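So that the names make sense, note that chain A is the first sequence line, chain B the second, and so on, each numbered from 1. As the structure is a prediction and not an experimental result, all values here were calculated from the model.
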There are 2 protein chains.
Amino acid sequence: MNGQFQIATHVLTLLCKQPGELLSSDYVAGSMNVNPVLVRKEMRKLRVCGLIESKEGKTGGYCLALPPQKITLADVYKAVKLPPALGQAKNKPNPACPVGKQIGAHLDHLADEVEAAIITKLSTITIFDFVNQFD
Amino acid sequence: MNGQFQIATHVLTLLCKQPGELLSSDYVAGSMNVNPVLVRKEMRKLRVCGLIESKEGKTGGYCLALPPQKITLADVYKAVKLPPALGQAKNKPNPACPVGKQIGAHLDHLADEVEAAIITKLSTITIFDFVNQFD
DNA sequence: TGTACTGTAATATTTTTTATTACAGATAAA
DNA sequence: TTTATCTGTAATAAAAAATATTACAGTACA
């Protein structure tokens, strides 16, 4: 139950709907019923990737760093760094077994291909597109 | 850290390499350093989906139910039922907010599209293909 | 009839995610 | 210059999910 991508997308949607305004973490956290600190954590990731800007101090808050047509959901996905879609084994397969010895590399390669497929799909959708779906 | 897909794929690889033989959960669990009960749980999912067969009692174990050319990694993915690749928000967005009111439906639709992209990718790879990568 | 499996439940442990609390630093306004 | 309000961040607690462990009923074979 990982809602980091949803939080980031929700905030970006709000920022896109109120261009030019600075929205506070308390405000957006209230709009989605989630803890403000969690919002600030996701915002840090988005800021590091150059998707948003933030301003400290009184009247501070967050706004988009780029036009929403330039931000794809793939950018969001990469910024948020979710765990891999196929999961990730933590076990160490038996190296004495010919399968166990090699399967890690093959599974990693497969995981990379799946991540690439996800990113290809998400790169076709911008925040602008996403927000345009709303009434 | 979810290794269910990896466990299922590992077992299917072993079953594919030893056609006709029944492999026990203890044997395969030893090959991948994981708990045998966890193996049996994944095997139940694969059996329900018709990918493997199991036999109880002494000399019991697991074997493929289909030729490995007929089992795709998409079948495995669907059988294992991982949590959605984009995660899943547990929060209930504020229904008084026009964004909060609608975003759930749009995020669900997006999640469906991403799952479809994953399945499209994985459906191009059979267990036979996967196992053929091994030396 | 004993042995060695699957099937499954119950419980505990570990890991991950989310929530909460706290506070330093920044900035605007009184 | 002081106060209020925000970000940034750390530390900790609580909740949720995954995995490990234990236990045992049922099945099938020797």
Side-chain angles (χ1 to χ4, degrees), chain A residues 1-8 10-11 14-15 21-49 51-63 65 80-93, chain B residues 1-8 10-11 14-15 18 21-49 51-65 80-93:
Chain A
M1 220 190 264
N2 185 319
Q4 294 166 16
F5 179 86
Q6 285 78 4
I7 289 174
H10 196 138
V11 180
L14 292 171
L15 297 181
E21 289 184 50
L22 287 172
L23 304 187
S24 74
S25 60
D26 263 51
Y27 172 77
V28 296
S31 156
M32 65 183 89
N33 278 323
V34 87
N35 195 283
V37 176
L38 209 53
V39 170
R40 299 206 283 265
K41 272 185 187 167
E42 295 310 312
M43 292 306 96
R44 169 162 52 173
K45 298 180 195 171
L46 298 181
R47 191 187 58 235
V48 166
C49 292
L51 306 182
I52 64 160
E53 287 173 356
S54 62
K55 187 186 162 198
E56 293 186 39
K58 196 170 178 176
T59 75
Y62 303 95
C63 64
V80 166
K81 294 192 207 312
L82 293 180
L86 292 186
Q88 183 158 350
K90 68 162 195 180
N91 61 308
K92 303 258 185 186
Chain B
M1 220 189 264
N2 185 321
Q4 294 166 18
F5 179 85
Q6 285 77 5
I7 290 173
H10 196 139
V11 179
L14 292 171
L15 297 182
Q18 271 135 298
E21 289 183 51
L22 288 172
L23 303 187
S24 74
S25 60
D26 263 51
Y27 172 77
V28 295
S31 156
M32 66 182 88
N33 278 324
V34 88
N35 194 283
V37 175
L38 209 54
V39 171
R40 299 206 283 266
K41 272 186 187 166
E42 296 310 312
M43 292 305 97
R44 168 162 53 173
K45 299 180 194 169
L46 298 180
R47 191 187 58 236
V48 165
C49 293
L51 306 182
I52 64 160
E53 286 171 357
S54 62
K55 186 185 160 197
E56 292 185 39
K58 197 170 178 176
T59 75
Y62 302 96
C63 65
L64 296 183
V80 166
K81 294 192 206 313
L82 292 180
L86 293 185
Q88 183 159 349
K90 70 162 195 180
N91 62 308
K92 303 257 186 187

J.: Counting distance only, does the side-chain N/O of Gln6(A) pair as donor-acceptor with the main-chain N or O of Lys90(B) below 3.5 Å?
T.: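 No, the answer is negative, given that no donor and acceptor are paired below the 3.5 Å cut-off.
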J.: Can you give me the closest heavy-atom contact between Leu82(B) and Gly87(A), atom names plus distance?
T.: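 Taking every non-hydrogen atom into account, CD1-N, 4.3 Å.
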J.: What's the NZ-P distance between Lys92(A) and dT19(D), to the nearest Å?
T.: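 Going from NZ in Lys92(A) over to P in dT19(D) covers 16 Å.
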J.: Between Lys81(B) (NZ) and dA18(D) (C1'), how many Å, whole number?
T.: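 Distance, rounded to whole Å: 18 Å.
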J.: Mind listing the residues from residues 32-43 of chain B sitting with a heavy atom below 4.0 Å of DNA chain D? Number order is fine.
T.: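 Within residues 32-43 of chain B, the residues near DNA chain D are Val34(B), Asn35(B), Val37(B), Leu38(B), Arg40(B).
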J.: Indicate whether OP1 or OP2 belonging to dT18(C) is found under 4.0 Å from a side-chain N or O atom of Gln4(A).
T.: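 Yes, such a contact exists.
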J.: Report the distance from atom SG of Cys63(B) to atom NZ of Lys55(B), rounding to the nearest 0.5 Å.
T.: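 Between Cys63(B) SG and Lys55(B) NZ, I get 9.5 Å after rounding to 0.5 Å.
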J.: How close do Phe5(A) and Val80(A) get, heavy atom to heavy atom, and via which atoms?
T.: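 Shortest heavy-atom contact: N-CG1, 3.9 Å.
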J.: Any base atoms under 4.0 Å from Gly57(B), or only sugar-phosphate, or nothing? Heavy atoms, all strands.
T.: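 The answer is base, as Gly57(B) lies within the cut-off (heavy atoms under 4.0 Å) of a base atom.
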J.: When the distance from CG of Asn2(B) to P of dA20(D) is rounded to whole Å, what number comes out?
T.: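 It works out to 12 Å between those atoms.
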J.: Specify the residue among Lys55(B) and Ala89(B) whose closest nucleotide of DNA chain C lies further upstream toward the 5′ end.
T.: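 The answer here is Lys55(B).
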J.: Round to the nearest Å and state the distance from Arg47(A) atom CZ to dT9(D) atom C1'.
T.: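 Interatomic distance, CZ of Arg47(A) to C1' of dT9(D): 11 Å.
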J.: Of Asp26(A) and Glu56(B), whose nearest nucleotide on DNA chain D comes first from the 5' end?
T.: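 Nearest-nucleotide comparison on DNA chain D picks Asp26(A).
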J.: Please report the distance, rounded to the nearest Å, between CG in Asn91(B) and C1' in dT17(C).
T.: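 Taking CG of Asn91(B) and C1' of dT17(C), I get 13 Å after rounding.
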J.: Out of dA16(D), dA28(C), dT6(C), which has the shortest distance to the side chain of Lys90(B)?
T.: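 From the listed options, dA16(D) comes nearest.
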J.: Relative to the 5' end of DNA chain C, which residue comes earlier, Thr59(B) or Pro83(A), by the nucleotide with the nearest heavy atom?
T.: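 Looking at DNA chain C, the more 5' nearest nucleotide goes with Thr59(B).
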J.: Which pair of non-hydrogen atoms, one from Tyr62(A) and one from Leu15(A), has the smallest distance, and what is that distance?
T.: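 Nearest heavy atoms, Tyr62(A) then Leu15(A): O-CD2, 3.2 Å.
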J.: Take the protein atom OH of Tyr62(B) and the nucleotide atom C1' of dC5(C), then report the distance between them rounded to whole Å.
T.: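 Taking atom C1' of dC5(C) as the reference, OH of Tyr62(B) is at 9 Å.
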J.: Please check the phosphate of dT7(D) (OP1 and OP2 only) for any side-chain N or O of Ser54(A) closer than 4.0 Å.
T.: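 So the side-chain polar atoms of Ser54(A) never come under 4.0 Å of the phosphate oxygens OP1 or OP2 of dT7(D).
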J.: Tell me: NZ of Lys58(A) to P of dT27(C), nearest whole Å?
T.: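 So the NZ-P distance, Lys58(A) to dT27(C), works out to 15 Å.
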J.: Any idea which heavy atoms bring Asn33(B) and Pro93(A) closest together, and the distance?
T.: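 Heavy atoms only, the tightest pair is ND2-C, 4.1 Å.
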J.: Check each of Asn35(A), Val28(A), Val34(A) against Ile7(A) using the side chain to side chain contact (heavy atoms under 4.5 Å, CB included) test, and report the only one that passes.
T.: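 Single side chain to side chain contact (heavy atoms under 4.5 Å, CB included) partner of Ile7(A) among Asn35(A), Val28(A), Val34(A): Val34(A).
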J.: Ile7(B) has an atom CD1; how far is it from atom P of dA20(D), in whole Å?
T.: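 To the nearest whole Å, that distance equals 7 Å.
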